[in-house]
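Just below is one structure, and these are the notes that go with it.
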Amino acid sequence: MQNNQITINIARFIGLLLLQVIVLNHINFLGYINPYAYLIFILLFPFDASKTLLIFLSFLLGLSIDFFADSGGVHAAASVFVGFLRPVLLKFSFGVSYEYNAVKLNKVTFKERFLYITLMVFIHHFVLFSLEIFSASHLLLILKSTLFSGLFSVLLILCALFLFTTKET
Amino acid sequence: MQQIIYFFIKNKNFLLFALLFIISLLFTIQSHSYHNSKFVSSTNFFSGKVYTVKSNITGYFDLKKQNELLLEENSRLLMLSSRADVSQEPTPLDSTLSKNFEFTGARVINNVYAKTNNYITIDKGSIDSLEIDMGVITSKGLVGMINRVSAKYGRIQSILNTNSQINAQLKKSKHFGFLTWNTKNSNIVQLTEIPKLAPITIGDTIITGGNSSIFPKGILIGQIADYTIEDNDSYTIDVVLFNDMTNLSHVYIIKNKNKKEIIQLQSTQDAE
């Protein structure tokens, strides 16, 4: 990673953490639906950077959210899970071109980007809610929370990426 | 040896993932059992500070409503004190209350109510002589009890938490049961193990029982909205809370001055 990228990623880490714990954790749309937009950090983390670093930073980000949300380790577990799975999902979504490090998220087709983000968000949310609710008898609640929060998160992340990605000349 | 090292290097991503995932699972499991969520909590210095700054700003949006609540409480207290003046001596219940229990006010800096295990963070901690297992109420009714304190901040395990079990009783007939929450509605909790003999009607008031050293007897909780009969000949009652748990800004912490003595007494009983 270059210096520039390091600064951007540190700023993104702190910015998304604060946004999540101060604003997004308190939306409670329809009583229980919250978007988890801090995933943007894991989604946008440079594709060519060290995977070990990504796994560690995902854990750190999730744990920081847990500290604020008093949720034990659920965010840490879910984040480290998608952080670990990201290379697989990247390959699945973007095909072989990912292998040559030629992919940029703002250059791929909308379909591929949508697939990547949706997969990441839903896997993350499913792990998150399974651990948070932690009971097989509430399976319906887990699936319902995953679905609604997931839709909300995907929408928010797509909008945020659309607004903030710079068009490369 | 070389092969072991090679194995570690080759699988370092997976091993790191496995390690971190297991650590977070441990934290999660800890957080699901009462009193054990020691490490990860919002009472630490950093998140406490962030939440204080946040509630300093957002507190203004809510001032009107909070003022109305205070007015309501003041008028009720005025009414009580005027009544006490007339009779010249306080009722026995009041005098025992004031002798054995101390009340401290605190401000809510973070309130979560949409999850299955909900906690509330307040801006008072062990330097304000708060301790674990003290009860927390508002002027309208029960909120929960403290389950973690740091120097400056405290965390309340609210009644909207699947780990909570609070002793409660019917105001009319003194039959008591346990207050739990089925996670469905942030305004409704369940009172379980009320014997089938108890006469209950919709609209009856539920108060705290005097069987614990945490809450004084007679703190308001809510009203009966619905009830079902379970297999083991007891009622499960849906109780609509008097408190609006989604909108808390100031709470009172109850300190029982005789708690140590009570616990000592109970533990000697157990030993025999």
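Computed from a predicted model, the values in this text were never measured in an experiment.
Residues A:His26 and B:Asn111 bring no donor and acceptor atom of their side chains to less than 3.5 Å of each other.
Residue B:Ser47 holds its OG atom at 11.5 Å from CG of A:Asp66, rounded to the nearest 0.5 Å. Taking CG of B:Asn161 as the start and CG of A:Asp70 as the end, the distance is 10.0 Å to the nearest 0.5 Å. Separation of atoms CD1 (A:Ile55) and CG (B:Leu20) is listed at 8.0 Å; rounding is to 0.5 Å. Note that CZ of A:Phe67 and CZ of B:Phe27 are 6.5 Å apart. Values are rounded to the nearest 0.5 Å. Between the OG1 atom of B:Thr28 and the NE2 atom of A:His75 there is a distance of 10.0 Å, given to the nearest 0.5 Å.
Contact check for A:Phe59 versus B:Ile23: side-chain heavy atoms found under the 4.5 Å cut-off. A:Asn25 is not listed as a side-chain neighbour of B:Val112, based on a closest heavy-atom distance of 4.5 Å or more. Contact of the B:Phe21 side chain with the A:Phe84 side chain is not registered, since no non-hydrogen atoms from C-beta on lie closer than 4.5 Å.
For B:Tyr113, the part lying under 4.5 angstrom from a heavy atom of chain A is the side chain only. Neither the backbone nor the side chain of A:Leu54 comes within contact range of chain B; no heavy atoms are under 4.5 Å apart. Heavy-atom distances place the side chain of B:Thr121, and not its backbone, under 4.5 Å from chain A. For chain B, the nearby part of A:Leu18 is the side chain; its heavy atoms alone come within less than 4.5 Å. Looking at B:Thr246, neither its backbone nor its side chain comes within 4.5 Å of chain A, counting heavy atoms on both sides. At a 4.5 Å heavy-atom cutoff, the contact between B:Lys115 and chain A is made by backbone and side-chain atoms alike.
Heavy atoms of other residues, nucleotides or ligands lying less than 6.0 angstrom from CZ of A:Phe122 number more than 12. Within 6.0 Å of CG on A:Leu140 lie no more than 12 heavy atoms contributed by other residues, nucleotides or ligands. Within 6.0 Å of NZ on B:Lys54 lie more than 12 heavy atoms contributed by other residues, nucleotides or ligands. Within 6.0 Å of the CZ atom in A:Phe13, the count of heavy atoms belonging to other residues, nucleotides or ligands exceeds 12.
Closest approach of B:Ser24 to A:Ala76, counting heavy atoms only: CB-CB, 3.7 Å.
Aromatic ring centres of A:Phe68 and B:Tyr51: separated by under 6.0 Å.
When each of B:Val50, B:Asn117, B:Ile22, B:Val53 is scored by its heavy-atom pairs under 4.5 Å with chain A, the top score falls to B:Val50.
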